[in-house]
There are 2 protein chains.
Amino acid sequence: MASRRVTLADVARLAGVHPATASRALNQVDGSGLVSPATVARVTAAANRLGYRPNPVARSLRTRRSHTVGVVIPDLANPLFPPVIRGIEDRLAEGGYVALLANTDDDPAREHQLLERMRERHVDGLVLATVRRGTPEPAGPGEEDLPVVLVNRVAEDRALPAVAADDVSGIRLAVAHLVSLGHRRIGHVAGPQDLSTGAGRLRGFRLGMAEQGLEVGPADVVVAERYQVAEGLRCARQLLAQRPRVTAIVAANDMLALGCYRALAEAGLACPQDCSVVGFNDMPFVDQLSPPLTSVRFDHYAMGREAAQLILERLATPGCPTKVVYLPPELVVRASTGPAPRGGPGTEGRAGRRRAD
Amino acid sequence: MASRRVTLADVARLAGVHPATASRALNQVDGSGLVSPATVARVTAAANRLGYRPNPVARSLRTRRSHTVGVVIPDLANPLFPPVIRGIEDRLAEGGYVALLANTDDDPAREHQLLERMRERHVDGLVLATVRRGTPEPAGPGEEDLPVVLVNRVAEDRALPAVAADDVSGIRLAVAHLVSLGHRRIGHVAGPQDLSTGAGRLRGFRLGMAEQGLEVGPADVVVAERYQVAEGLRCARQLLAQRPRVTAIVAANDMLALGCYRALAEAGLACPQDCSVVGFNDMPFVDQLSPPLTSVRFDHYAMGREAAQLILERLATPGCPTKVVYLPPELVVRASTGPAPRGGPGTEGRAGRRRAD
DNA sequence: TTGTACGCGTTATCAC
DNA sequence: GTGATAACGCGTACAA
């Protein structure tokens, strides 16, 4: 029936101490003897008895810390992110923090507005999955700088703490796998080059091909503007047009790989009989596709946890060194990759067979 | 270079008025003349000049309203929800509100804890996609009650505002479609019966079958405990075991339909040649499955917007009547449904063919 | 119409 | 060690 929330003053009254003392007693880090153990006991007892919960708003007003971390995601609809968010939330909760989530839909204007809102709300730090190369300062100039951690992105100069998959290694795995299956004419549908993942994976492609003694000509790479199925379709169409004898495509992520599927179907090519496809991220559901997608996998949930860990460290120790964490990738081989066709694709013999609707 | 945030006092000083006056001038609803137009002009000018942004924390402490709405989702990894969340966020932003997002992973304990955190943070209202039948009071008894809106759920007695698809109509569409393809032995993998969607869709199934003059025996329905692929697999296995001659399965949602795919593959049955499958929700990516899934579709983004609309109405007019909004469903026919097999499935002639790995 | 004074709930900084 | 006091930034009765 007690309708009003119980406040610190109530606790103090019950414990027979001044509110300030109660505050100290409750916020006490164990050991530092600023307040007598007896009072601590009495106050905590009173707090428990009354079911006292501090008011975070009042606390935030006073301390200018909100125990809230802003998490900015480019696209919630990308299945990559839910596990990442879960990881962030879980680790943050362990540290007593809450995530304020926002997604920008890749719209810089929207992102700017969201970041402004987050500053207003006194978020203590930011976890960004949106940062583009060339805009390392996420919050505009002149502002007091919030702690920032990048996730699934890395700053060009590694000046910001970050957690991401080892893009280069991952793509090299993919290339090596394809070569082991006999592929030689391999194309790359690259990601946006203003994203660290897009640039890193393209670098990995060139490196991996070189390691295998294969050349990469200008026509072997088509760069997507965004990580979306439609872009994958566009790029794969172009790739097939300018390199009709390609037998395998490495896509910079799974969304683009989906676009490649469509382009192959359009062209009357079967996957993997005529052309193999490899993705990146191993998103949920790609094992249910037709054909199930071979993809470079890493632990998304762990990436989220690690990002939260970094921001917590940074909040606890503002000056701590800037860490960049790379997660080890592995290749999950499924049915979208197979032996290189012997006659070569694009020859009339194999085209025009069964196609997805 | 101005490092400190500009505060109301700064604005007042520049405008040459008392802070209280500045406050009134800025919070003024147009028309009601509590403050002279001249001062309003001066104050707003000063505010713009300084780039004043009110401190939401202080305001929230004072007014006990945070302009924040808690949004609780059972499972972020379900692709149904991202568009819903987008809809909620967008509409909320138009009304000057922010969404505080949380996902419970279907864990009531976790949900309880999250709701507590949200209360602490002074959320002004709640949008819940988690409510189960039998627990209409989401926040525990005796507490001051926050405005609540349900999304993708409906309270048993319709006592709470809610937005959801018209489950009954949707399933009837599915049944009618299957019957028109010649199916007569149709099974249902039902959703959890403590969720309004699970119960409503089961009701729709019985109704739809009755309309078509078909009987529903106890063995024709298997009830899933959760909306997950693994549960769909379990239920479909059971259904196939107890009704081997079934030629079509209506799944209560797309996740369960995915489980049905697996069960059919296990049993060596081809979809749709041996057995058709219909899902519900038309999640993103189900058009990319093998085979592309026939599913009952409704506008997820619109559902989110509508839910936000309802909570905004409720915040503006606390006593307003309780609305329950049903969204019209439509059937998206893809390749997972086809004509009923003539010989009937489960006969040895067709079993044991190609199977997914 | 505007200024005065106070309180929202907490914590930081002084004294004692 | 603990109590008193002020302040975080804003909104709002009340007085003028």
Side-chain angles (χ1 to χ4, degrees), chain A residues 3-44 46-47 50-68 96 119-122 124 144, chain B residues 3-44 46-47 50-68 96 119-122 124 144:
Chain A
S3 67
R4 209 177 50 82
R5 270 194 73 88
V6 29
T7 176
L8 184 59
D10 302 326
V11 176
R13 203 174 309 121
L14 180 62
V17 297
H18 192 275
T21 310
S23 171
R24 274 183 296 239
L26 292 174
N27 294 6
Q28 198 60 348
V29 273
D30 300 316
S32 65
L34 269 123
V35 56
S36 84
T39 3
V40 171
R42 239 169 345 128
V43 171
T44 49
L50 296 177
Y52 167 70
R53 313 279 292 155
N55 182 331
V57 178
R59 172 179 287 175
S60 172
L61 178 61
R62 177 63 214 190
T63 61
R64 314 189 123 272
R65 306 194 78 197
S66 58
H67 280 233
T68 297
R119 302 192 96 85
E120 284 176 10
R121 304 237 158 203
H122 288 185
D124 297 334
E144 75 276 53
Chain B
S3 67
R4 209 177 50 82
R5 269 195 74 87
V6 31
T7 177
L8 185 58
D10 301 327
V11 176
R13 203 173 308 121
L14 180 62
V17 297
H18 193 275
T21 310
S23 170
R24 276 184 294 243
L26 294 174
N27 294 6
Q28 198 59 350
V29 273
D30 300 317
S32 66
L34 269 125
V35 57
S36 85
T39 22
V40 170
R42 238 170 345 128
V43 171
T44 49
L50 295 177
Y52 169 69
R53 314 280 294 157
N55 181 331
V57 179
R59 171 181 285 175
S60 172
L61 180 60
R62 179 65 232 230
T63 62
R64 315 187 125 274
R65 306 195 78 199
S66 58
H67 280 235
T68 297
R119 301 192 97 83
E120 284 176 10
R121 304 238 157 202
H122 287 184
D124 298 335
E144 75 276 49

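A, B, ... follow the sequence lines: proteins, then strands. Residue 1 opens every chain.
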Testing the basics here: between [X] and [Y], what is the closest heavy-atom pair and its distance to 0.1 Å?
{"X": "A:Leu50", "Y": "A:Val6", "answer": "O-CG1, 3.4 Å"}
{"X": "A:Val35", "Y": "A:Ala25", "answer": "CG1-CA, 4.1 Å"}
{"X": "B:Tyr52", "Y": "B:Leu26", "answer": "CE2-CD1, 3.7 Å"}
{"X": "A:Ala12", "Y": "A:Ala22", "answer": "CB-CB, 4.0 Å"}
{"X": "A:Leu61", "Y": "B:Ala58", "answer": "CD1-CB, 3.7 Å"}
{"X": "B:Arg64", "Y": "B:Asp124", "answer": "O-OD1, 4.2 Å"}

Length of the line joining [X]:[atom1] and [N]:[atom2], which is rounded to integer Å:
{"X": "A:Leu26", "N": "D:dT2", "atom1": "CG", "atom2": "P", "value": "13 Å"}
{"X": "A:Arg65", "N": "C:dT11", "atom1": "CZ", "atom2": "P", "value": "13 Å"}
{"X": "A:Leu50", "N": "C:dG9", "atom1": "CG", "atom2": "C1'", "value": "15 Å"}
{"X": "B:Leu61", "N": "C:dC6", "atom1": "CG", "atom2": "P", "value": "18 Å"}
{"X": "B:Arg62", "N": "C:dT10", "atom1": "CZ", "atom2": "C1'", "value": "16 Å"}
{"X": "B:Asn27", "N": "D:dC10", "atom1": "CG", "atom2": "P", "value": "10 Å"}
{"X": "B:His67", "N": "D:dG11", "atom1": "NE2", "atom2": "C1'", "value": "12 Å"}

Quiz item: Hey, are the side chains of B:Arg59 and B:Asn27 touching, using non-hydrogen atoms and a 4.5 Å cut-off?
Solution: yes
Practice problem: Kindly indicate whether the side chain of B:His122, heavy atoms from C-beta on, has any atom under 4.5 Å from the side chain of A:Asn55. | Solution: yes
Between [options], spot the one nearest the side chain of [X], thanks.
{"X": "A:Arg59", "options": "C:dT2, D:dC10, C:dT11", "result": "C:dT11"}
{"X": "B:Ser36", "options": "D:dG3, C:dG9, C:dT1", "result": "C:dT1"}
{"X": "A:His18", "options": "D:dT12, C:dG9, D:dA4", "result": "D:dA4"}

Exercise. Using the closest heavy atom to pick a nucleotide of DNA chain D for each, name whichever of B:Arg53 or A:Ala22 lands nearer the 5' end.
Key: A:Ala22
Is the distance from OP1 or OP2 of [N] to the nearest side-chain N or O of [X] less than 4.0 Å?
{"X": "B:Ser60", "N": "D:dC10", "answer": "no"}
{"X": "B:Thr7", "N": "D:dC10", "answer": "yes"}
{"X": "A:Ser23", "N": "C:dT11", "answer": "yes"}
{"X": "B:Asn55", "N": "D:dC8", "answer": "no"}
{"X": "A:Thr21", "N": "D:dG3", "answer": "yes"}
{"X": "B:Tyr52", "N": "D:dG9", "answer": "no"}
{"X": "B:Arg64", "N": "D:dG11", "answer": "no"}

Listed pairs, N/O of protein and of nucleotides 13-16 of chain D, under 3.5 Å:
unit_1, atom_1, unit_2, atom_2, d
D:dA13, N6, B:Arg24, NH1, 3.3

Quiz prompt | Gap separating the CZ atom of A:Arg53 from the CZ atom of B:Arg119, nearest 0.5 angstrom | solution = 12.0 Å
Exercise. Can you pull out how bent the helix from C:dG3-D:dC14 to C:dC16-D:dG1 is, comparing the axes over its first five and last five pairs, to 10°?
Key: 50°
Practice problem: Just do the side-chain contact (heavy atoms from CB on, under 4.5 Å) check on A:Thr68 and A:Arg121 with the steps written out, would you? | Solution: CA-CA 9 Å; A:Thr68 297; A:Arg121 304 237 158 203; over 6 Å; no
Quiz item: B:Thr39 or B:Thr63: which one's nearest nucleotide on DNA chain C is closer to the 5' end?
Solution: B:Thr39
Practice problem: Have a look at A:Pro54 and say if it touches a base, only the backbone sugar-phosphate, or nothing, with a 4.0 Å heavy-atom cut-off. | Solution: sugar-phosphate
